[in-house]
2 protein chains.
Amino acid sequence: MRYQDELFQQRETLLLDTALSLFRDSGWERVTIAQLAQHAGVAKGTVYKHFSSKESIYARLALGFSRDCLTHYRALEPAGTPLQSIRRVLHEAFALMQAHPVDVQLCLHCDRPELQARLGEDERAAMEALDRDYQVLFHELVRAAIEAGEVPDKPIEGLFWGVDAIFQGVMERIAAGGLGPERHGTPSLEAYFEHVVEFIVAGLTGPDPVQGREIAQ
Amino acid sequence: MRYQDELFQQRETLLLDTALSLFRDSGWERVTIAQLAQHAGVAKGTVYKHFSSKESIYARLALGFSRDCLTHYRALEPAGTPLQSIRRVLHEAFALMQAHPVDVQLCLHCDRPELQARLGEDERAAMEALDRDYQVLFHELVRAAIEAGEVPDKPIEGLFWGVDAIFQGVMERIAAGGLGPERHGTPSLEAYFEHVVEFIVAGLTGPDPVQGREIAQ
DNA sequence: TCCTTTAGTGACCAACGGTCATTGTATGAC
DNA sequence: GTCATACAATGACCGTTGGTCACTAAAGGA
């Protein structure tokens, strides 16, 4: 790689690191491009040589974090039964997100379709591909649990959307920095995670919907 | 009420109605205060006589919608078993939100703590009170189901947070206008709701977490 | 009738995201 | 070593937008 290109690359990661750091300190909404440029020691125009818009910076950070998470889950050694693996992944996910709330905020922000419409084709495609990878991981995990008899053999598709929704909800809570104002009975985030994991497991291991409804009636 | 005050009130609802209408057409992010004022037939300064900031308008609309929804759920006639009532409320909720995606977007937007920090004390208190009301409704519904033996007698608190998360996730999806880009196997929103309801019911009717874990091991 | 109060107004401001003509320097051909 | 070229860096500049405020006019009340 040419010396010039290398410098360019270094500057880009410097900009991303600086941005994330500033976002942590001041909240990503309040950080201006001018601030970012100043803290990174470059001029404002330079930022736009690397990123087509402020939102593009958000997207890059969100995508990076999301990718890192997936890599992390995949690197987990399988331990115990498939259902225990699922529990493990869930706990890891919650811990990872709790440790990086700003990245979670960015992920949620970039999931909004109005924003995605403003991004470039490449960025949108990358996000979509990552979504698919997550879906694949989910299928693998649940399929294993079904084959092990820990989860009844019902359509994985339906389960996916339930878990997807609950996951989004947890991200929202983490991004919000907690469970809202302290009220009587508001659990700690750790206890909250425990509740959610158990709810997910119950949702997965519950009987087939059709049977479930018949029983309920 | 004095004539002047009445006019003032009318203008306020006119402004809110106009705002919602514009948000529907152009997306709430892109609508400017100047546009709102022009469409409502008032000057820009007048808007700020009614609302302290643009975000305050968001909050008012979100709060209104959220309140209307709760009223709607409460007005539902109890029909069938408690668990069937829960299913009914869930379906009503999803239908209501699907019919008003912009309001859902605003609700999500206003749930963010950075925004709430910028709102007035009154608005924050109103939102918190409404949150409590929802929590009360949930407790009533689940308690009835437990007493009817349709849901095992486990701590409602844990169930609440699971359902809360999944609900947030569904709102996110509705706000996004769908389940993302059409992929193979992506269900319609209606089928999606069905999956989610079944997942929630499974989560509620699942065995007590502690027992569940013992079985899984 | 007159004074007070207050909603309405729109010119104005500051902040911000984004642009672009210009400048300086690394690169590569000869 | 020299020179032409490409392109990253720069920062003055622009348009838009949320928000302000001194002023106007009309309703309310004594």
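Chain letters run A, B, ... following the sequence lines, proteins first, then strands; residues in each count from 1.
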Separation of C:dT6 C1' from B:Y3 OH (nearest whole Å):
15 Å
Could you tell me how far apart A:F51 (CZ) and C:dT19 (P) are, to the nearest whole angstrom?
15 Å
Rounded distance (nearest 0.5 Å) linking atom CG of B:L63 with atom CZ of B:R124:
13.5 Å
Hey, what do you get for CG (B:D68) to CG (B:L96), rounding to the nearest 0.5 Å?
8.5 Å
Any carboxylate oxygen within less than 4.0 angstrom of a Lys/Arg side-chain nitrogen, looking at A:R88 and A:E77?
no
Please state how far atom CG in B:L7 lies from atom P in C:dG8, giving the value in whole angstrom units.
8 Å
Which distance, rounded to the nearest 0.5 Å, do you find between the CD of A:Q116 and the CD of A:E123?
9.5 Å
With respect to the phosphate group of C:dG8, does any side-chain polar atom (N or O) of B:H50 fall under 4.0 Å of OP1 or OP2?
yes
Give the ring-plane orientation class for B:Y192 versus A:W161, where under 30° counts as parallel, over 60° as perpendicular and anything between as tilted.
perpendicular
From CG of A:D5 over to C1' of C:dA26, roughly how many Å is that when rounded to an integer?
10 Å
Using whole Å, what does the distance between atom C1' of nucleotide C:dG8 and atom CD of B:Q38 come to?
17 Å
Comparing nearest nucleotides in DNA chain D, the 5'-proximal residue of the pair B:Q4, A:F8 is A:F8
Do the charged groups of A:E198 and B:K154 touch, with an N to O distance under 4.0 Å?
no
What is the distance, rounded to the nearest whole Å, between atom CD of B:E12 and atom P of C:dT6?
16 Å
Salt-bridged, A:E128 to A:R132, with N to O below 4.0 Å?
yes
Could you work out which one of D:dG28, D:dA9, C:dT9 sits closest to the side chain of B:R2?
D:dG28
Counting primed atoms, P, OP1 and OP2 as sugar-phosphate and everything else as base, the B/S/- map of nucleotides 16-25 of chain D against protein heavy atoms under 4.0 Å is -SBBB-----
A:E6 atom CD is separated from D:dA8 atom C1', nearest whole Å, by 15 Å
As an exercise, state the distance from CG of B:L20 to OH of B:Y58, rounded to the nearest 0.5 Å.
12.0 Å
Tell me which residues in residues 17-28 of chain B put a heavy atom below 4.0 Å from DNA chain D, sorted by number, or none.
none
B:S26 side chain vs B:F23 backbone, donor-acceptor pair below 3.5 Å:
no
With a 4.0 Å cut-off, would you call B:E55 and B:R112 a salt bridge?
no
How long is the span from the CG atom in A:D103 to the CE atom in A:M171, to the nearest 0.5 Å?
10.0 Å
Do any side-chain nitrogens or oxygens of B:T46 fall under 4.0 Å of OP1 or OP2 in C:dT9?
yes
Interface with DNA chain C, restricted to residues 110-121 of chain A and to heavy atoms under 4.0 Å
none
